[in-house]
There are 4 protein chains.
Amino acid sequence: MIRLDSRDARPIYEQVMDSLRRLVVSGAIQPGEKLPSVRAMATTLAINPNTIQRAYESLAAEGYLHPVAGKGCFAADRGDIQGRRRETLLNRFDQTAAELIFLGLSPDELSHRLHAVSQP
Amino acid sequence: MIRLDSRDARPIYEQVMDSLRRLVVSGAIQPGEKLPSVRAMATTLAINPNTIQRAYESLAAEGYLHPVAGKGCFAADRGDIQGRRRETLLNRFDQTAAELIFLGLSPDELSHRLHAVSQP
Amino acid sequence: MIRLDSRDARPIYEQVMDSLRRLVVSGAIQPGEKLPSVRAMATTLAINPNTIQRAYESLAAEGYLHPVAGKGCFAADRGDIQGRRRETLLNRFDQTAAELIFLGLSPDELSHRLHAVSQP
Amino acid sequence: MIRLDSRDARPIYEQVMDSLRRLVVSGAIQPGEKLPSVRAMATTLAINPNTIQRAYESLAAEGYLHPVAGKGCFAADRGDIQGRRRETLLNRFDQTAAELIFLGLSPDELSHRLHAVSQP
DNA sequence: GTGGTCTAGACCACG
DNA sequence: GTGGTCTAGACCACG
């Protein structure tokens with residue numbers, strides 16, 4: 001489920017964060033579901049545990065998961081995800097859309113894409 | 001017009017690239033228009049010329065501007081912008097939209113935003 | 001016939017050289033034919049005469065044209081073109097072909113291209 | 001393996017790029033193989049690390065290698081090489097061939113060279 | 001240890 | 001004057 005790409009210039013912990021967010025967004029990981037332990041995931045991905053630890057901490061800061069001492073990390077409910085993350089995404093959405101429209105795509109085409117994305 | 005944010009984790013040359021792209025996309029910089037010279041902009045922003053040089057080079061690789069040795073850098077036409085940039089933006093658009101929809105925004109709300117963005 | 005491209009990173013005198021070589025190679029300029037004077041061509045292309053002068057001198061060094069004092073520059077016969085230019089081209093040919101073959105093109109495909117090039 | 005020629009008019013980073021491309025094309029460097037670190041190669045060639053860095057970056061942009069921060073640079077697979085590089089080479093191939101044919105070489109001679117190049 | 005970024009300063013080709 | 005190249009040296013993130 002989590003694929004690391006050595007050709008990807010981004011640091012590994014960011015790739016891990018991105019993969020986990022996508023699994024949550026797609027429903028592959030359900031709210032309240034327990035995530036693999038830091039050590040387990042580090043072993044599976046053949047990665048330094050510190051790297052997974054950092055990804056988990058950052059996702060917890062965003063509200064995507066919440067750690068329970070001695071029990072592990074659990075996927076959060078949508079409502080828990082920080083407003084700051086939403087702002088970041090809305091800014092990115094506007095800027096990306098503006099540039100795509102500048103490059104010749106019509107708002108209707110992009111609208112179409114939106115509905116395709118929302119009904120997978 | 002170009003604002004650098006020291007709290008922004010991204011490197012300076014990327015912030016410069018982003019600002020310049022936005023100025024082109026918004027029409028504040030017109031196709032064919034001459035940009036400030038590497039040294040002029042470096043002085044204005046109180047940044048090392050090499051850093052501006054790098055931003056200009058990367059924007060040239062994307063097709064956003066074309067340098068003419070001895071003359072200066074000029075904003076390109078939309079048609080000159082590399083297809084790879086478009087793909088990057090479409091991927092970002094889909095992922096950002098998917099996460100926003102997961103966070104509770106409806107496709108219709110995002111559609112509204114699209115049209116707001118396209119008619120400034 | 002000679003088109004300068006401001007988007008081309010190469011210096012103008014090289015672009016001029018390249019255009020003139022191509023005109024000779026294609027037969028658009030015949031052996032012995034008189035070329036426009038430095039001043040005439042500079043005016044036509046809206047370029048500094050020094051730039052044309054440099055292109056003419058370099059082409060003369062390669063054997064592509066020979067200047068006649070007080071008369072102008074004339075296109076040379078094939079036999080006059082320097083052996084050094086031929087060596088340069090053969091090296092470039094081998095290297096370019098090797099890389100194309102590495103990238104997956106077959107020698108036969110390239111052979112086909114050769115014959116297409118030779119019968120325009 | 002990498003030879004720099006001070007008489008060569010091309011900048012050092014391009015000479016380095018050319019040498020590395022040739023090593024990859026010839027198979028002396030295999031896909032996935034690790035290249036010397038930026039600093040190691042800089043020391044070997046008695047060149048500033050920034051110059052090597054630039055060569056590596058440009059080769060990465062072409063798809064010839066991919067850097068992994070903290071790990072090193074690795075030779076890519078053929079499939080990763082950008083299509084733009086292929087177009088550049090095809091243009092160069094056609095022009096070089098056209099000029100060689102103009103200079104008296106027959107397409108058959110060049111065809112022979114192709115097969116010699118492909119079976120080293 | 002490795003690549004990524006940045007500064008400071010220099011010289012050159014082009015036109 | 002302008003962009004292009006190069007050197008020297010520094011600090012940082014990542015793992």
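Naming convention: chains lettered A, B, ... in sequence-line order (proteins, then strands); numbering from 1 in each chain.
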*For DNA chain F, just give me the dot-bracket, please: Watson-Crick or G-U, both distances below 3.5 Å, ( ) intra-strand, [ ] crossing earlier pairs, | paired with another strand, . unpaired.*
||||||||||||||.
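In this structure, C:Leu59 and C:Val24 have side chains that are not in contact, with every pair of non-hydrogen atoms separated by 4.5 Å or more. Contact check for B:Asp18 versus B:Arg21: side-chain heavy atoms found under the 4.5 Å cut-off. Residues C:Arg22 and D:Gln95 have side chains in contact (heavy-atom distance under 4.5 Å, counting atoms from C-beta outward). The shortest distance between side-chain heavy atoms of D:Val16 and D:Thr51 does not fall below 4.5 Å.
C:Ile47 contributes atom CD1, which lies 4.5 Å from atom CD1 of C:Ile12 (distance to the nearest 0.5 angstrom).
A donor-acceptor pair is defined here as one N or O able to donate and one able to accept, closer than 3.5 Å; no such pair exists between the side chain of B:Asp77 and the backbone of B:Gly79. Distance alone, capped at 3.5 Å, is enough to place a donor-acceptor pair between the D:Ser26 side chain and the D:Leu23 backbone. Side chain of B:Asp8 to main chain of B:Arg10: a donor-acceptor pair is present (N/O by atom type, distance under 3.5 Å, no hydrogens or angles).
For the pair A:Arg3 and A:Gln15, the tightest heavy-atom approach, listed with the atom from each and the gap, is O-OE1, 4.4 Å. When every heavy atom of D:Val38 is checked against every heavy atom of D:Pro49, the shortest pair comes out as CG1-O, 3.5 Å. The minimum heavy-atom distance between A:Cys73 and A:Leu65, with the atom names listed, is SG-CD1, 3.9 Å. Considering all non-hydrogen atoms of both residues, D:Glu33 and D:Ala28 come closest at OE1-O, 4.0 Å. The minimum heavy-atom distance between B:Ile81 and B:Gly63, with the atom names listed, is CG1-O, 3.7 Å. For A:Ala75 against A:Gln30, the heavy-atom pair with the smallest separation is CB-O, 3.4 Å.
Looking at residues 52-59 of chain D, you'll see D:Arg54 sit with a heavy atom under 4.0 Å from some atom of DNA chain F. Contacts with DNA chain F (heavy atom under 4.0 Å) in residues 29-51 of chain D: D:Arg39, D:Ile47, D:Asn48, D:Asn50, D:Thr51, listed by number. A heavy atom closer than 4.0 Å to some atom of DNA chain E occurs in C:Pro11, C:Ile12, these being the qualifying members of residues 1-12 of chain C. Residues from residues 14-23 of chain C lying near DNA chain F, meaning a heavy-atom separation below 4.0 Å, are absent.
Nearest-nucleotide positions on DNA chain F for B:Lys71 and A:Tyr13 put B:Lys71 closer to the 5' end. Comparing B:Ala69 and D:Pro67 along DNA chain E, the residue whose closest nucleotide (by nearest heavy atom) sits nearer the 5' end is D:Pro67.
Once you apply a 4.0 Å limit to the heavy atoms of chain B, the touched nucleotides of DNA chain E run 5' to 3' over E:dT5 to E:dC11.
Residues A:Glu57 and A:Gln53 have side chains that bring a donor and an acceptor to within less than 3.5 angstrom of each other.
Heavy-atom neighbours of A:Arg84 CZ from other residues, nucleotides or ligands within 6.0 Å: at or below the threshold of 12.
With A:Glu99 as the fixed residue, the salt bridge (charged side-chain N to carboxylate O under 4.0 Å, His left out) test singles out one of B:Arg78, B:Arg85, B:Arg92, B:Arg86: B:Arg85.
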